[in-house]
Enquirer: 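Shown below is the structure under consideration.
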2 protein chains.
Amino acid sequence: MSNRAYGQYCGFSRALEVVGERWALLIVRDLLISPKRFSDLHRGLPGIPTNVLTTRLGELEDAGIVARRALPRPERGTVYELTEYGNQLETVVMDLGRWGAKSLGDPRPDETITSDSIQTAMRTTFQPAAARGVKVNYELRMGPVVIHARVERGKLVTGSGPLEDPDLVIESGPALRGLMAREITPAEAIKNGSVKITGDRRFLNQFIELFRI
Amino acid sequence: MSNRAYGQYCGFSRALEVVGERWALLIVRDLLISPKRFSDLHRGLPGIPTNVLTTRLGELEDAGIVARRALPRPERGTVYELTEYGNQLETVVMDLGRWGAKSLGDPRPDETITSDSIQTAMRTTFQPAAARGVKVNYELRMGPVVIHARVERGKLVTGSGPLEDPDLVIESGPALRGLMAREITPAEAIKNGSVKITGDRRFLNQFIELFRI
DNA sequence: CTGGATCCCTCACGATACTG
DNA sequence: CAGTATCGTGAGGGATCCAG
């Protein structure tokens with residue numbers, strides 16, 4: 001039997017053999033947001049050794065989940081992107097993110113936040129049912145990380161960086177999670193200063209309808 | 001930072017820290033089929049060392065995914081079962097199983113098949129849309145493993161062991177996967193002897209409508 | 001018998017340094 | 001930028017042993 005195999009002829013075991021290795025699904029998570037170069041991935045995955053990243057990318061490529069693409073002029077370099085098969089992991093990543101968010105307590109001392117992880121969190125907590133007929137643009141600032149979320153026609157589109165025309169800018173730390181999980185109210189969060197907003201406060205009420213743990 | 005942590009404040013990372021360890025999701029998979037004792041789990045997970053099983057069960061218990069329950073007279077002993085929170089992993093396990101089944105080729109030399117893994121496979125490939133108004137009972141024999149699947153009112157119920165009143169008994173090896181993935185036709189499978197049936201052949205045609213990769 | 005605990009060995013992972 | 005090279009550690013693999 002191959003060395004990391006589980007010895008079972010079973011789709012689920014096979015899935016884990018490829019995608020169950022340490023870091024593998026986090027790489028997939030980041031690539032679900034957008035294709036990336038080696039150094040982008042390395043930056044977004046705090047603590048991953050470069051040799052492990054190399055190994056995982058090779059394994060994911062061999063498994064047909066990730067493909068390398070050479071960047072044209074003038075950029076040069078290589079980007080990694082998900083294949084069609086790799087993209088099909090989206091539902092798994094979303095479900096697992098949603099499940100994990102429920103037991104996500106307060107941040108531990110050295111924990112960081114990345115642009116891709118927040119965008120994933122927004123996508124996992126998005127409530128399409130609450131988005132019918134809604135058009136709104138949010139800009140989210142968590143420490144140094146700034147992302148945005150556009151809701152329109154029942155769909156969510158996220159991206160990194162600020163927005164030119166936000167309906168609401170939310171500046172917050174981990175307190176945002178408490179808001180989304182209904183552990184505190186918007187009024188309390190603003191009052192105690194853990195969440196700061198720029199824009200009409202009603203958009204914050206709408207925010208916690210649209211994104212919910 | 002704790003030693004196996006990913007250093008990100010993110011629901012998805014937290015999920016992987018608990019459930020991303022080697023063997024963890026396979027334990028959950030088996031417990032999704034039914035509560036089990038230590039030795040049942042050990043038997044169903046070929047190759048897992050007992051100390052790793054002990055460690056995982058402890059971690060899963062600490063994370064609120066698994067609970068221990070003392071068995072009453074006359075059985076005695078301990079069973080492990082999923083908590084409500086643990087049960088919520090079902091969609092993840094099903095999705096991953098479905099995804100993995102697509103790239104499941106032929107069995108490798110030493111690979112085994114367990115009752116729980118087949119039942120999981122049946123559940124992941126079940127097509128509710130094809131089950132409307134259908135009532136049928138299948139008995140499946142793969143080598144020494146015998147399971148059954150009852151379809152009724154659009155729902156699937158699986159279990160281990162034979163059936164008293166099967167509409168169709170299917171005896172097969174890995175060839176069944178080719179059938180479910182539409183790589184071969186029922187006629188071919190029966191002709192070359194890779195699949196043997198007892199009962200009306202039309203039930204086999206229905207089978208591959210109900211269970212599909 | 002069930003439900004583990006203990007020991008040893010190996011290899012994957014983590015950390016750091018270095019290179020085309 | 002995109003990795004390779006090297007080395008130490010600890011989790012996992014495998015066998016054996018033990019208490020209720």
Side-chain angles (χ1 to χ4, degrees), chain A residues 1-8 13 16-27 30-31 35-62 66-81 110 112, chain B residues 1-8 13 16-27 30-31 34-62 66-81 110-112:
Chain A
M1 159 173 25
S2 169
N3 57 349
R4 303 293 291 180
Y6 283 111
Q8 298 198 11
S13 308
L16 287 185
E17 288 172 11
V18 194
V19 104
E21 300 275 311
R22 195 162 165 72
W23 296 107
L25 274 182
L26 284 170
I27 295 172
D30 281 11
L31 293 181
K36 286 182 175 54
R37 356 179 96 196
F38 188 92
S39 42
D40 296 329
L41 286 167
H42 187 237
R43 204 173 313 115
L45 268 18
I48 189 175
T50 57
N51 54 355
V52 173
L53 180 52
T54 301
T55 305
R56 287 294 167 274
L57 285 170
E59 292 165 353
L60 291 171
E61 196 180 349
D62 290 344
V66 160
R68 309 168 55 120
R69 183 160 49 89
L71 236 41
R73 312 286 231 355
E75 302 253 2
R76 298 233 284 171
T78 314
V79 285
Y80 296 87
E81 59 189 357
D110 288 338
T112 66
Chain B
M1 155 172 29
S2 168
N3 56 350
R4 305 292 292 180
Y6 283 111
Q8 298 198 11
S13 308
L16 287 185
E17 288 171 12
V18 193
V19 104
E21 300 275 310
R22 194 162 166 74
W23 296 107
L25 275 181
L26 284 170
I27 295 172
D30 281 11
L31 291 181
S34 68
K36 286 183 175 53
R37 356 178 93 194
F38 187 92
S39 39
D40 295 329
L41 286 166
H42 187 236
R43 204 173 313 115
L45 268 19
I48 188 175
T50 58
N51 56 352
V52 173
L53 180 53
T54 301
T55 305
R56 288 292 166 275
L57 286 171
E59 292 166 352
L60 292 172
E61 196 180 349
D62 291 344
V66 160
R68 308 169 57 120
R69 182 160 50 89
L71 236 41
R73 315 279 234 357
E75 302 252 2
R76 299 239 282 172
T78 314
V79 285
Y80 296 87
E81 58 189 356
D110 287 339
E111 282 187 330
T112 65

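By convention in this document, chain letters (A, B, ...) are assigned in the order of the sequence lines, proteins followed by strands, and residues within each chain are numbered from 1.
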Enquirer: Salt bridge (Lys or Arg N to Asp or Glu O under 4.0 Å) with B/E21: which residues, sequence neighbours excluded?
Expert: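 Testing B/E21 for salt bridge (Lys or Arg N to Asp or Glu O under 4.0 Å), a comparison that skips the adjacent residues, returns B/R4, B/R56.
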Enquirer: Would you kindly give the CZ-to-C1' distance between A/R56 and D/dA2, to the nearest whole Å?
Expert: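 A/R56 atom CZ is separated from D/dA2 atom C1' by 18 Å.
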Enquirer: A/R37: what forms a salt bridge (Lys or Arg N to Asp or Glu O under 4.0 Å) with it, not counting sequence neighbours?
Expert: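 If we apply the salt bridge (Lys or Arg N to Asp or Glu O under 4.0 Å) test to A/R37, skipping adjacent residues, there are no hits.
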Enquirer: Donor-acceptor pair, A/S13 side chain versus A/G7 backbone, under 3.5 Å?
Expert: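 No; zero donor-acceptor contacts below 3.5 Å.
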Enquirer: Could you pull out all residues at least two apart from B/E111 that satisfy salt bridge (Lys or Arg N to Asp or Glu O under 4.0 Å)?
Expert: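 Checked B/E111 against salt bridge (Lys or Arg N to Asp or Glu O under 4.0 Å); matches are A/R14, B/R108.
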Enquirer: Can you tell me how far P of D/dA15 sits from NE2 of B/H42, to the nearest Å?
Expert: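 About 10 Å, once rounded to whole Å.
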Enquirer: At under 4.0 Å, does any side-chain N or O of A/W23 touch on OP1 or OP2 of C/dG14?
Expert: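 Yes, because at least one side-chain N or O of A/W23 sits under 4.0 Å from OP1 or OP2 of C/dG14.
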Enquirer: Nearest whole Å is fine: how far is D/dG12 C1' from A/L16 CG?
Expert: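 Spelled out: CG on A/L16 to C1' on D/dG12 is 16 Å.
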Enquirer: Mind jotting down which residue pairs meet the side-chain hydrogen bond (donor to acceptor under 3.5 Å, both in side chains) criterion with at least one end in residues 38-49 of chain B? Sequence neighbours excluded, please.
Expert: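 Only B/D40-B/R43 qualify under side-chain hydrogen bond (donor to acceptor under 3.5 Å, both in side chains).
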Enquirer: In whole angstroms, how far is the C1' atom of D/dG13 from the CZ atom of B/R22?
Expert: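 Answer to the nearest Å: 9 Å.
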Enquirer: At less than 4.0 Å, is any side-chain N or O atom of A/R4 found next to OP1 or OP2 of D/dG13? Yes or no.
Expert: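 For A/R4, the contact criterion (side-chain N or O under 4.0 Å from OP1 or OP2 of D/dG13) is not met.
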Enquirer: Measure from CG on B/D110 to P on D/dG14 and round the result to the nearest Å.
Expert: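 Those two atoms, CG and P, are 11 Å apart.
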Enquirer: Rounded to whole angstroms, how far apart are CD on A/E21 and P on C/dC11?
Expert: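 The distance from CD of A/E21 to P of C/dC11 comes to 15 Å, rounded to the nearest Å.
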Enquirer: Rounding to a whole Å, what distance do you find between A/K36:NZ and D/dG3:P?
Expert: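 Roughly 16 Å, once rounded to whole Å.
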Enquirer: Can you sort out the partners of A/E61 under side chain to side chain donor-acceptor pair (under 3.5 Å), two or more places apart, ordered by chain and number?
Expert: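 So A/E61 forms no side chain to side chain donor-acceptor pair (under 3.5 Å) with any residue.
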Enquirer: Quickly work out the B/L45 CG to D/dG14 P distance and round it to whole Å.
Expert: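 So the CG-P distance, B/L45 to D/dG14, works out to 13 Å.
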Enquirer: Return the polar atom pairs (N/O with N/O) between nucleotides 3-5 of chain C and the protein under 3.5 Å, or none.
Expert:
from: C/dG3; atom 1: OP1; to: B/T78; atom 2: N; distance (Å): 2.8
from: C/dG3; atom 1: OP1; to: B/T78; atom 2: O; distance (Å): 3.2
from: C/dG3; atom 1: OP2; to: B/F38; atom 2: N; distance (Å): 3.3
from: C/dG3; atom 1: OP2; to: B/S39; atom 2: OG; distance (Å): 3.4
from: C/dG4; atom 1: OP2; to: B/Y80; atom 2: OH; distance (Å): 2.3
from: C/dA5; atom 1: N6; to: B/T50; atom 2: OG1; distance (Å): 2.6

